[in-house]
There are 2 protein chains.
Amino acid sequence: MKNKQGNKIRIKDIAARAGVSPGTVDRVLHKRGEVAEETRRQIMEIVDQLGYEPNLVAKSLAMKKTCRIAVLMPDPANDNPYWEKPEFGILHAAREVKDFNTSVSIYNFGMNSEKSYLNAFSELMKEPPDGLIFTPIFYHSSFDIIRECEEHSIPYIFMNMRLDGCNNLAYFGQNAIQSGFLAGKLLHFSLQEHSKILIVKPNSHQGTGFHLQRREKGFLSFFLSGSNVKDIQCHEAETDPYKREVLFRDLDKAFEQYPNISGIFITNSRASKIAQYLYERGRKGLMLVGYDLVNENVDFLERGIITFLIGQKPEEQGYKSILAMFNYLMADKHMEKTNYSPIDIIMKENIDYYKNYKF
Amino acid sequence: MKNKQGNKIRIKDIAARAGVSPGTVDRVLHKRGEVAEETRRQIMEIVDQLGYEPNLVAKSLAMKKTCRIAVLMPDPANDNPYWEKPEFGILHAAREVKDFNTSVSIYNFGMNSEKSYLNAFSELMKEPPDGLIFTPIFYHSSFDIIRECEEHSIPYIFMNMRLDGCNNLAYFGQNAIQSGFLAGKLLHFSLQEHSKILIVKPNSHQGTGFHLQRREKGFLSFFLSGSNVKDIQCHEAETDPYKREVLFRDLDKAFEQYPNISGIFITNSRASKIAQYLYERGRKGLMLVGYDLVNENVDFLERGIITFLIGQKPEEQGYKSILAMFNYLMADKHMEKTNYSPIDIIMKENIDYYKNYKF
DNA sequence: CATCCTTCCGTGTACGCACACGGAGAACTG
DNA sequence: CAGTTCTCCGTGTGCGTACACGGAAGGATG
């Protein structure tokens, strides 16, 4: 039998063994001096020997320290329902850490407005938090934010997106290039030889284009690598999937230009819009690969119009970002700098187990 | 700004509002009577109004109650390295709940020995635990175990495998039929028309065969459904993948009988053995689909000899089983009865994000 | 030798909750 | 009306840790 139960070794026990009072042990454990070297050494020996581990429950109860974590992310209500998912994870984590004297505040901004981004940040800086989690969508302003964080010694974590060369504690998000590569593989897998693929590139008004470019890069690199044994060709179409007329016009044009397209890859989460197009135009049998389990996408996946969705566990990204910051601030626990979420391959046959994320 | 921070409403606050002492509020909250109905009503009103939620940290510190959770599962050392994974999750959960007066003890048995199964159970029943988590591998003995649990009023959770018609609190595991169905889809996807598939059926000495049968059933049901538009044929071969000579002999025989097999599906976690066979025999270009991210499988997946692995997050199954039992015993939180783990589709291109499970 | 400071350590209180104990007052008994 | 029981409620202590405070012993200083 393997027993992993509480050692039940308390500060008091160590004190008794060492013949001192609990206060002394505490001073040693917290390295706040005022203990004779000989006594310190002896106590540390007993600590190591008994394998003392502090009771985190009692610790947090006694701790006066409270910590405030701020989150700066796009508004799920205004822009893209995708952002409900990280928010869901964040709220879940917030509930878990609430009783540990930790509060979480979410500040939202509009994805189309760099100004609202900076406004939300200065709003949260009215009471500087102990740690910041944010999604650095806008390139230049993000560096302003980073600078200000570093001036105030506020540690920060990137969620969902990241910038290179920063002193962020960590990044929780996806490996966009690799996910694009995988998308390429999936289409290659399911298509006949000499097929043609259309890559739909949303002309992003904002900084989020960064991600999309990487996905595309990964996608293309699959077909440029030796893996393209089926000699599949890629074409591109730039459009605005948020505007129905524009999208339909651009897709019509693309199909006119390349009539025998049999696979489509779209680099953002608007695959449902393409699916709607295919449905209305009566084009069947095409493979369609996109990103993210937003409701509309899930619908079309279940109806068989979207073939694959690539998931990235956005709920988990939010959840883990909060917990990592919490552990860093309250327990001095450090983390890996890069934390890629899994690249989930989701089809009609396994969507059921992904669509409602359970913690 | 959305703020999800601690309400900071304590029993003391409620007492002050109601003009009574904290002890009275406590009696009301714990429904242990000795409070005048009028007072009770008034206090409950304030509780609802202020939205009081107990501080779980302080609660568990003050709680005298301790709880012991026992786990009964196959020995990872003796049998199948697969079982290291649920154990990993269990140990992780054990660490998290340790400071909440909860201990976790793991009892192992050999998958080939129904006797060791019952032995381990009676061993753990020497001190009956407050809750039991187990993998009901052996059909009949499992019902003995269940009966004894119910006599002692010990709640139990099925992990990884389950029996129908029981009063288990919950099941954490996979949907074996659906995962087989998905495997069928994957092979169908990646094969040409009129291909032939070989299903390798391990002749399981033990009760674990249950799972394997369901996977096979799901697999076949895909090809029997209208989905088999490519007219792919399935053949079967029973063998013992644990014994190299037997396996090689049986596979040689199968390839002789059906020379143009281009896809193989194996229903348990020994895909690596088939891969080894294909490698040694120089058979390339076959699609091979199997289960579980045990090291050998991961190796062959990375080398491109295994095409797909189906994962089921065994670490999470272990972790969630413990946490669910903990929440049930210590916080009266109830759970869903059926908790399927996701059916992860894993290829060479996304294995990196699955092989080392991170909590 | 009195005074003061330094070094080292013990004691006490608080964190929010659970629960045991006991006490005040009403109600009931003989 | 003294004595007993019962109802309802306040107080106190402990869970394991953090930290403030203060105290004893010893040395330094005048």
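Keep in mind that this is a model prediction, so the values were computed, not measured. Letters A, B, ... mirror the listed sequences (proteins, then strands); counts begin at 1. Values below: every heavy atom of this structure, side chains too, minus hydrogens, waters and symmetry copies.
- By the 30° and 60° cut-offs, the orientation of the rings of B:Y319 relative to B:H92 is tilted.
- Between B:I137 and B:Y117, the closest heavy-atom pair is N-OH, 4.0 Å.
- The number of heavy-atom neighbours closer than 6.0 Å to CD of A:E336, taken from other residues, nucleotides and ligands shown, is 12 or below.
- A:S60 comes within 4.0 angstrom of nothing in the nucleic acid, heavy atoms only.
- Direction change of the helix axis from one end of the helix from C:dC1-D:dG30 to C:dG30-D:dC1 to the other is 80°, with five pairs defining each end axis (rounded to 10°).
- Computed from coordinates, the A:E34 CD to C:dG10 C1' distance equals 13 Å when rounded to whole Å.
- When all heavy atoms of B:L72 and B:F109 are compared, the closest pair comes out as CD1-CD2, 3.7 Å.
- Atom NZ of B:K31 and atom C1' of C:dC19 are 18 Å apart (whole Å).
- Residue B:T24 places no side-chain N or O under 4.0 Å from the OP1 or OP2 atom of D:dC8.
- We find that CZ of B:R40 is positioned 17 Å from P of D:dT7, with the value rounded to whole Å.
- Rounded to whole Å, the distance from CG on A:D99 to C1' on D:dC15 is 16 Å.
- Taking a 6.0 Å sphere around NZ of B:K337, one finds it holds more than 12 heavy atoms contributed by other residues, nucleotides or ligands.
- The number of heavy atoms from other shown groups lying within 6.0 Å of CZ (B:F88) does not exceed 12.
- Put simply, CZ on B:R27 is 14 Å from P on D:dT7, counting in whole angstrom units.
- Classification of the A:F134-A:Y156 ring pair by plane angle, with boundaries at 30° and 60°, yields tilted.
- Side-chain nitrogen and oxygen atoms of B:S21 include at least one within less than 4.0 Å of the OP1 or OP2 phosphate oxygen of D:dG10.
- Relative ring orientation between A:Y357 and A:F359 is described as perpendicular, the plane-to-plane angle rising above 60° on a 0-90° scale split at 30° and 60°.
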Is there any protein nitrogen or oxygen under 3.5 Å from a nitrogen or oxygen in nucleotides 16-18 of chain C, and what are the pairs?
from	atom 1	to	atom 2	distance (Å)
C:dG16	OP2	B:R10	NH1	3.2
C:dG16	N2	B:A58	O	3.4
C:dC17	OP1	B:Y52	OH	2.8
C:dC17	OP1	B:N55	N	3.4
C:dC17	OP2	B:I11	N	2.9
C:dA18	OP1	B:H30	NE2	3.0
C:dA18	OP2	B:D26	OD1	3.0
C:dA18	OP2	B:H30	NE2	3.4

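- Within a 6.0 Å radius of CD in A:Q49, more than 12 heavy atoms belonging to other residues, nucleotides or ligands are found.
- Residue B:E37 contributes atom CD, which lies 11 Å from atom P of D:dC9 at whole-angstrom precision.
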